[in-house]
Amino acid sequence: MSKRMSGLKYVYGPVPSRRLGSSLGVNLTPFKTCSYSCVYCQLGPTTCKTVERKSFFPKNEVVEEIERVLDRVEGAEVDYLTFAGEGEPTLNSDLGWIAEKARSAIESTSSNAKVAVITNSSLLWRRDVREDLMSVDACLPSLDAASESIFRRVNRPHRSLALDRILEGLAEFGDEYEGEVMLEVMLVKGYNDSEEELEKIASAVSELRVDKLHILTPVRPPASNVEPADAKAIMLAVEVFEGAGVKTSVIDFPECGEFDFRAFSSVEEAVKIMSRHPMQEEQLEKLSLHFGVDLEKIRAIPGVVEKEFRGKKYYIYTPDSKF
Ligand code: SF4
């Protein structure tokens, strides 16, 4: 087993996504560089909490890697090229430029992939951030609370952020943006699943231009010891949100799609995506078969950790451990 992870630095996947089908992810921030430190974050506590936008990586290098991976997966089903990853993608000040280049790269292949951004919404009050998102096909902003105190408990935001400003940003974004807005609400037991908070979220959402609302619960091992909202709270949320006129779906199941391991040149490269995208036992078995590497050897890679969550075994990779 090589001591260093080779190959891809920014692009991972395609990975199965609960909302986007087969998604090729692009990471635009250093690990855990985020404006929030959500209690449910599967990446662990935020190590760099910031609201400062920066050019974190050489943007040409990111685009070249996107082009290289698109070539490598030519012919595979990729539904979305998704900017998400190891932190908040809108913190990257090159996002708009990279998203436009990514679209041109897709157009030069036979792929029909769309471009999406998953954002925590925290910076949508900034005009430059909204402008950076204008060219993408779909945007998945999140809103987990409509009360300042609950927002602080669930999302543990940077001290300069205030919920009112974020709601204003979401409203402005909805007015200006022409793509699809799929709002996400992550329901965490005992945090934001009370009827009172759900009513407040519904009232806030009814003021926004939202095409779909996805109710999520933590289905992969989260950073803190939190539990997903129970079925009763989820059903109540659907009733309350639909009552406010918002088309709502519940995404409360682990991904059942397939990882496409053809995109990876080595088992080490594939293992790296488990830092952002834990694999279930069956997915790890398929990885072992694909590369002909013994399952026990993969489990023994330093940094690969087994975690049980909601009765299922998951494997994650902690990047702090060196290969
Ligand atoms: S879940 Fe997303 S927004 Fe929340 S801390 Fe993790 S990376 Fe940041």
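This structure is a prediction, so every number in the text was calculated from the model and none was measured. Basis for what follows: all heavy atoms, side chains included, without hydrogens, waters or symmetry-related copies. Note that the numbering runs from 1 along the sequence shown for the chain. Each ligand, and each atom within it, is numbered from 1 in the order the structure gives.
- Between L198 and V185, every side-chain heavy-atom pair lies at or beyond the 4.5 Å cut-off.
- Taking 2.8 Å as the limit, the number of protein N, O or S atoms around atom 4 (Fe) of ligand 1 is 1.
- Counted by atom type alone, Y315 and Q283 present zero donor-acceptor pairs between their side chains at under 3.5 Å.
- Ligand 1 lies nowhere less than 4.0 angstrom from a heavy atom belonging to M186.
- Among R209, K212, R19, K247, the one residue that satisfies the salt bridge (charged side-chain N to carboxylate O under 4.0 Å, His left out) test with E180 is K212.
- Looking at heavy atoms from C-beta onward, Y191 lies out of side-chain contact with D144 at the 4.5 angstrom threshold.
- Other residues, nucleotides and ligands place no more than 12 heavy atoms under 6.0 Å from the CD atom of E52.
- Salt-bridge formation is not detected for the pair E64/R68: no Lys NZ or Arg NE/NH1/NH2 atom is positioned less than 4.0 Å from an Asp or Glu carboxylate oxygen.
- Ring planes of F151 and Y36: perpendicular class, angle over 60° (limits at 30 and 60°).
- Within the listing of ligand 1, atoms 5 (S), 6 (Fe) sit less than 4.0 angstrom from a heavy atom of K32.
- There is no protein heavy atom closer than 4.0 angstrom to atom 2 (Fe) of ligand 1.
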